[in-house]
Every structure is written in C-alpha cells, then in structure tokens.
Amino acid sequence: MNERFLPTHVGIIMDGNGRWAQKRGLPRKMGHRAGASTFKEIARYANKIGLKYLTAYVFSTENWKRPQDEVDSIIALLRSYLDEMDGYAKENIRVRFIGDRTSFDDDIRGKMARAEEKSKNATGLTLILAINYGGRAEITNAARRIAEEAAKGMLQPEEITEESFSRYLYTNDIPDVDLIIRPSGEYRLSNFLIWQSAYAEYVFMDGVLWPNFKPADLDAAIEEYHHRSRRFGGLSNQNG
C-alpha cells in the first residue's frame with residue numbers, strides 16, 4: 001500500500017459479530033470473540049502499511065441495552081484484551097481510549113490507563129478504541145464543560161468557535177476522521193464520531209461481517225477512498 005494514498009485517520013464500525021455467530025449456530029459471544037481476533041489482525045496491518053490513526057467502535061453507550069449475558073461476555077473479553085495490550089507498545093503502536101470510563105470497574109479503568117501510559121511514546125499507528133462511546137454524549141459532555149467555564153467567567157460566548165469547541169471533545173488532539181468503514185450491510189453511523197466525520201468519506205460493505213473482514217477489505221476501502229473527490233464544500237478541478 002502506497003502511503004501517499006492513505007487517509008490520515010480511518011474509523012471502523014465493527015459490525016456483524018452477532019450475525020456471524022448466529023449463522024454458525026453459535027452464541028453471540030463467540031462472534032464477539034472472533035471479532036476481537038479480527039481487530040488485532042487489522043490493527044497490526046494498519047500499522048504495517050503506515051496508517052497514522054485508526055479508531056474502532058468497540059462498545060457504544062447504547063450497547064448496555066443488550067441482554068445482560070452478552071454485555072457480561074463483552075466486558076470479560078475487554079478485560080482479557082486489555083491484559084494483552086503490552087504487545088502494542090513493542091510494535092510501536094500507541095493506544096488511546098475515548099468514551100466515558102466511569103461506568104467501568106476500577107480494574108478496567110486501570111488497565112486502560114496502563115495501556116495508554118506504556119505506549120505513549122510509540123510513533124507508529126495511534127490505535128483509538130471507542131469504548132462506552134456515543135457521539136451525542138461526547139458533544140453533550142463538551143457543551144457542559146464549556147457552559148461550566150462560561151458560568152465561572154473563564155470563557156466568553158464569542159470565544160466559542162468550531163475550533164475551540166473541538167478542543168473539549170475526546171479527540172481534541174486527534175485529526176478528524178477521513179474515512180469510515182462499516183461492514184455487514186448496514187448504512188448508518190450509529191452515533192459514531194458524528195462531529196469528527198463532518199467531511200468523512202463512507203465505505204459500506206455488503207456481504208462482509210466483521211469477523212470475516214480481512215486486510216484486503218481494508219485495502220479495498222482505502223482504494224475506494226483514493227478515488228473519491230475530496231472538496232470539503234468547495235469545487236474540484238472539474239467544478240463538480
């Protein structure tokens with residue numbers, strides 16, 4: 001993959017784990033386990049080809065509404081996965097987490113902090129895991145913090161701009177996402193990076209459930225992105 005063609009920041013909605021399991025007569029939790037394995041492979045491949053930022057939608061604020069057995073299995077899988085994260089630092093991958101951590105037990109929050117600390121000096125891929133994340137919740141949280149500062153006289157209304165607002169988001173020091181990929185045949189954002197994706201390109205993939213997603217599928221999505229016209233509200237050379 002030519003680094004010149006790469007988007008700076010790719011987001012992936014890892015969809016289809018449950019359906020993958022159901023098609024095989026397996027419990028849904030087995031699909032999440034298979035999806036976690038796929039995620040490891042794709043993260044390492046993204047680092048190999050020189051991608052700078054990859055954000056994966058791991059667990060949304062809405063996912064707590066799923067059956068308790070499924071939620072418990074996802075949390076157990078998360079614990080196990082966090083224990084394996086030392087390997088990323090050794091591979092020059094920086095790990096970040098975005099989302100509301102307060103809903104998790106102390107040990108999970110500690111494992112997140114440890115992974116971030118151990119990999120903070122990595123210069124390869126920045127791997128961002130969106131856990132207990134929701135785009136609307138992120139924006140609401142940012143607005144609340146701005147309102148608190150304004151109430152204390154620390155911020156004037158005229159100082160609030162798109163640029164200053166973005167500094168209150170979880171992704172304050174991360175470039176906006178350029179490309180969002182969603183396998184499984186669904187055609188929606190599902191509350192993922194809704195501020196950051198204002199000018200993102202979208203690639204939706206029919207017939208590919210996340211556990212079956214391969215490096216070749218990432219390559220295909222990046223190739224599609226490369227052929228899109230990125231105008232950001234302006235005109236292309238063809239005046240399109």
Side-chain angles (χ1 to χ4, degrees), residues 8-14 17 29-64 66 68-135 137-138 141-142 144-145 166-177 191-193 195-196 210-211 213 218:
T8 298
H9 185 178
V10 173
I12 297 182
I13 301 173
M14 302 187 296
N17 293 333
K29 62 183 179 182
M30 299 304 294
H32 295 300
R33 188 172 299 175
S37 178
T38 295
F39 173 66
K40 295 175 189 177
E41 178 184 16
I42 295 301
R44 291 186 166 95
Y45 181 70
N47 187 47
K48 177 183 176 181
I49 64 176
L51 191 65
K52 295 302 182 184
Y53 296 88
L54 175 66
T55 299
Y57 207 5
V58 176
F59 189 82
S60 77
T61 51
E62 290 79 22
N63 286 158
W64 296 104
R66 294 188 176 188
Q68 191 61 48
D69 177 65
E70 182 175 354
V71 171
D72 290 343
S73 69
I74 292 172
I75 299 304
L77 185 61
L78 173 61
R79 275 196 173 91
S80 175
Y81 187 70
L82 289 170
D83 286 335
E84 301 172 7
M85 282 200 156
D86 286 357
Y88 284 132
K90 296 174 184 176
E91 296 175 49
N92 201 31
I93 296 174
R94 185 182 182 189
V95 177
R96 297 279 301 275
F97 297 92
I98 59 173
D100 180 7
R101 306 186 194 192
T102 61
S103 297
F104 295 112
D105 291 340
D106 289 345
D107 70 307
I108 291 180
R109 296 201 300 270
K111 292 175 191 292
M112 289 179 177
R114 180 175 183 272
E116 289 179 326
E117 177 63 24
K118 291 206 68 169
S119 65
K120 67 181 182 181
N121 294 321
T123 58
L125 172 72
T126 295
L127 179 62
I128 304 142
L129 290 83
I131 299 179
N132 197 25
Y133 173 87
E138 179 183 27
N141 179 65
R144 185 181 299 115
R145 290 173 58 201
S166 67
R167 291 198 291 267
Y168 291 83
L169 299 173
Y170 296 130
T171 56
N172 65 85
D173 58 346
I174 297 169
D176 283 349
V177 65
N191 206 14
F192 179 56
L193 299 179
W195 174 281
Q196 299 87 343
W210 174 249
F213 193 92
L218 179 59

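Remember, it's a predicted structure, so these values are computed and weren't measured experimentally. Basis for what follows: all heavy atoms, side chains included, without hydrogens, waters or symmetry-related copies.
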How far apart are the C-alpha atoms of Y170 and D100, what are their side-chain angles, what is the distance that settles it, and do they pass the side chain to side chain contact (heavy atoms under 4.5 Å, CB included) test? CA-CA 9 Å; Y170 296 130; D100 180 7; 4.1 Å; yes
Indicate the atoms forming the closest heavy-atom contact of [X] with [Y], along with that distance.
| X | Y | answer |
| --- | --- | --- |
| L125 | L51 | CD1-O, 3.3 Å |
| T38 | P211 | OG1-O, 2.9 Å |
| M85 | V95 | SD-CG1, 3.8 Å |
| G35 | W210 | O-NE1, 3.0 Å |
| A122 | R94 | CB-N, 3.6 Å |
| A142 | L169 | CB-CD2, 3.9 Å |

Please round to the nearest 0.5 Å and tell me the distance separating atom [atom1] of [X] and atom [atom2] of [Y].
| X | Y | atom1 | atom2 | result |
| --- | --- | --- | --- | --- |
| E41 | L218 | CD | CG | 10.5 Å |
| I131 | S103 | CD1 | OG | 12.0 Å |
| N141 | R144 | CG | CZ | 6.0 Å |
| Y57 | I13 | OH | CD1 | 7.5 Å |
| T61 | N63 | OG1 | CG | 8.0 Å |
| K52 | T8 | NZ | OG1 | 9.0 Å |

Would you check if [X] and [Y] make a side-chain contact, meaning some heavy-atom pair closer than 4.5 Å?
| X | Y | answer |
| --- | --- | --- |
| L82 | M112 | yes |
| L77 | V58 | no |
| I128 | H9 | yes |

Out of F97, Y133, Y81, W64, which residue meets the ring-ring contact (aromatic ring centres under 6.0 Å, His included) rule with F59? W64
Check this for me, if you would: do K120 and E117 make a salt bridge, where the nitrogen-to-carboxylate-oxygen distance has to be below 4.0 angstrom? yes
Determine, stepwise, if the pair F39 / L127 fulfils side chain to side chain contact (heavy atoms under 4.5 Å, CB included). CA-CA 11 Å; F39 173 66; L127 179 62; 3.7 Å; yes
If you measure only the distance, is there a donor-acceptor pair under 3.5 Å linking the side chains of D83 and S80? no
Run the side chain to side chain contact (heavy atoms under 4.5 Å, CB included) check on F104 and R79 step by step: do they pass? CA-CA 11 Å; F104 295 112; R79 275 196 173 91; over 6 Å; no
Could you go through L54 and I12, starting from their C-alpha distance and side-chain angles, then the distance that decides it, and tell me whether this counts as side chain to side chain contact (heavy atoms under 4.5 Å, CB included)? CA-CA 8 Å; L54 175 66; I12 297 182; 3.8 Å; yes
Atom CZ of R114: over 12 foreign heavy atoms under 6.0 Å: no
Crowded around K29 NZ? As in, over 12 foreign heavy atoms under 6.0 Å? no
Check for a donor-acceptor pair, side chain of [X] on one end and backbone N or O of [Y] on the other, with a separation under 3.5 Å.
| X | Y | value |
| --- | --- | --- |
| H32 | I74 | no |
| N132 | R101 | no |
| N47 | E91 | yes |

Given R96, which of T171, T55, D173 fulfils the side chain to side chain donor-acceptor pair (under 3.5 Å) condition? D173
